[in-house]
Enquirer: 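First the structure, then my questions, so here it is.
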2 protein chains.
Amino acid sequence: MRKLERGSGEPLWKQLQEDLVRRLRSGEFDDAFPGELALVEEYEVSRHTVRQALGQLRTDGLIVAERGRQPRVATAPEIRQPMGALYSLFSSVEESGLPQHSVVRALDLRADGVVAARLNLEGSIPLLYLERLRYAGDEPLALDRVWLPASLAEPLLDADFTHTSLYNELAERTGINLDHGREDIRAMNPNPAERALLHCPADAAVFSIIRQGTAQNRPVEWRHTVVRGDRFALSAEYSANAGYRLTPATTALAQAW
Amino acid sequence: MRKLERGSGEPLWKQLQEDLVRRLRSGEFDDAFPGELALVEEYEVSRHTVRQALGQLRTDGLIVAERGRQPRVATAPEIRQPMGALYSLFSSVEESGLPQHSVVRALDLRADGVVAARLNLEGSIPLLYLERLRYAGDEPLALDRVWLPASLAEPLLDADFTHTSLYNELAERTGINLDHGREDIRAMNPNPAERALLHCPADAAVFSIIRQGTAQNRPVEWRHTVVRGDRFALSAEYSANAGYRLTPATTALAQAW
DNA sequence: CCGTCAGAAATGTACGTACATTCACGGTAG
DNA sequence: CTACCGTGAATGTACGTACATTTCTGACGG
């Protein structure tokens, strides 16, 4: 039986909400979240007040509730398709109607001290390396190189990556879903090897996208993708309400303005 | 007196909320938003139901309510510093500690049918044209060209843009704040004139950023900025909670990974 | 003419009740 | 042992009441 200060200026539902957040963060509710009626008894407030507090927690995404069952602590809502420039890239190709496929140029285990360091791993740890040339239509669009810790990604060694996405395979074969990532996007000119592979026109530049992805605070991927600048543009919208959002939809494949 | 379908599967408060959104978008409430009691009468539901619908609208930021006064339609919360790649660019320079300044290469009124069309204006309408070369430290960083409708932006003709931002001047002199924008970001090689102006190394590419900005659905700016790719990188983070966000903070000025 | 103050009006908080809807569990029949 | 169904429990919806708190307005007085 817990006490809330009545008539202290702070609304009861707010006090209740804050106390629940505190207990939630302490891990007290990891097994089961108390039901509304239990909270009514515990805090000696009306169900209305409890619901007001829970409603706040729900819109904040901390708990989920459904009819007939007790509220539960929200599991970190895994990102199905990691967002960002790369997602924007491939979904925009899809919307354009051009057929996509990949040519797998390498899929093996190897050690790479430099990349391992980027993943915050020891240099000698084996990594799964996947290199693909991605086509949109008959022309190459991007060169994609990914390193993942072999300890996590080994089940992917015999996967067929010519048509499926890395994240799909990763989720299906290992249950890992990325929940956080970071991208650095640069404009540069490709080196001769990349230019040849991508069939880049002589005067075309490229996007160089470095992505680090993590799942539950563990590094999962380090990725370097080189995208032809003459066939792709990043498109973004921002507004006071929605903030800054990449819009994979529009104007993605190259055309004059 | 409006009717809601009772027992139709859809909750009353949701029907009410949707109807209010519809009426709100139609501009019916631009003068005054009805109070809770008025809605109770109009829709013949309890105040509780009305509050549930309004609560949703409030968390969505469509209306604001305070004690003792009627709810009001939320004024579009103006963006002080328009977000996006350009904001990321200049704030990251600031954080790096490098001094910034601009060389104004042009500031005049002119007509340009092509740009006017991009602003959804007639070709003969005069535009204010501002062209600046932006420095970070002693080296050029970006070439920035902006067109604004002269009808709105004429008070800016005698402004000094060597150190102040366009948006600051625009807000101070005309009261206009952008509330929506759209960017297209491309990787390309600069033309010879741009390369010379920017002191671009021979093998460096550039970001070409096209931005269209609007305030209250009226086109306000059309902007073309060319940023040296060897001195700038876009940095973004995404997470399940926060979505995709540009992070002007880190690693913005060029350095090896 | 202007400042002050009381009252009206509106929203915020908090209580209560009733019923609908859905889910989980356990018992029963096959 | 399994499949089905009914009961109980939980949340969702919707009604009602009361009072607190804040804001606005209009009347009154200086």
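First the proteins, then the strands, lettered A, B, ... as listed; each starts at 1.
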Enquirer: Rounded to whole Å, how long is the line connecting atom CD of A/E66 with atom P of D/dT13?
Expert: 13 Å

Enquirer: Want to settle it: does B/G68 or B/Q52 sit nearer the 5' end of DNA chain D, counting the closest nucleotide to each?
Expert: B/Q52

Enquirer: Within the structure, does a side-chain N or O atom of B/T49 lie under 4.0 Å from either OP1 or OP2 of D/dT13?
Expert: no

Enquirer: Choose from C/dA14, D/dT11, C/dG12 the nucleotide whose nearest atom is closest to any side-chain atom of A/P11.
Expert: C/dA14

Enquirer: Quick one: is C/dT11 close enough that its OP1 or OP2 comes under 4.0 Å of any side-chain N or O from B/R69?
Expert: no

Enquirer: Where each residue is assigned the nucleotide of DNA chain C containing its nearest heavy atom, which of A/R72 and A/L12 is assigned the position nearer the 5′ end?
Expert: A/L12

Enquirer: Once you round it to whole Å, what is the distance between C1' of D/dT13 and NE2 of A/H48?
Expert: 13 Å

Enquirer: How do B/P34 and A/S46 order along DNA chain C: which one's closest nucleotide is nearer the 5' end?
Expert: B/P34

Enquirer: Does a side chain donor of either B/Y167 or B/E221 reach within less than 3.5 Å of an acceptor in the other side chain?
Expert: yes

Enquirer: Given atom CZ of B/R67 and atom C1' of C/dA9, what is their separation to the nearest angstrom?
Expert: 14 Å

Enquirer: When the distance from CH2 of B/W13 to P of D/dC15 is rounded to whole Å, what number comes out?
Expert: 14 Å

Enquirer: Over how many whole Å does the gap from B/E44 atom CD to D/dG16 atom P extend?
Expert: 11 Å

Enquirer: Any chance the side chains of A/H163 and A/Q100 put a donor and an acceptor closer than 3.5 Å?
Expert: no

Enquirer: With a cut-off of less than 4.0 Å, is there a side-chain N or O of A/R47 near OP1 or OP2 of D/dT13?
Expert: no

Enquirer: Mind telling me whether A/F232 and A/F207 have parallel, tilted or perpendicular rings, with 30° and 60° as the class edges?
Expert: perpendicular

Enquirer: The side chain of A/R6 lies closest to which of these nucleotides: D/dT11, C/dT11, C/dC15?
Expert: C/dC15

Enquirer: Round to the nearest Å and state the distance from A/L16 atom CG to C/dT13 atom P.
Expert: 13 Å

Enquirer: Side chains of A/D19 and A/Y43: any donor to acceptor distance under 3.5 Å?
Expert: yes

Enquirer: If you measure only the distance, is there a donor-acceptor pair under 3.5 Å linking the side chains of B/H180 and A/E237?
Expert: yes

Enquirer: Calculate the interatomic distance between B/E36 atom CD and D/dT21 atom C1'; express it in whole Å.
Expert: 14 Å

Enquirer: Is there a side-chain polar atom (N or O) of A/R51 under 4.0 Å from OP1 or OP2 of D/dT11?
Expert: no

Enquirer: Write down the distance between CZ (B/R58) and P (C/dG12), rounded to a whole number of angstrom.
Expert: 5 Å

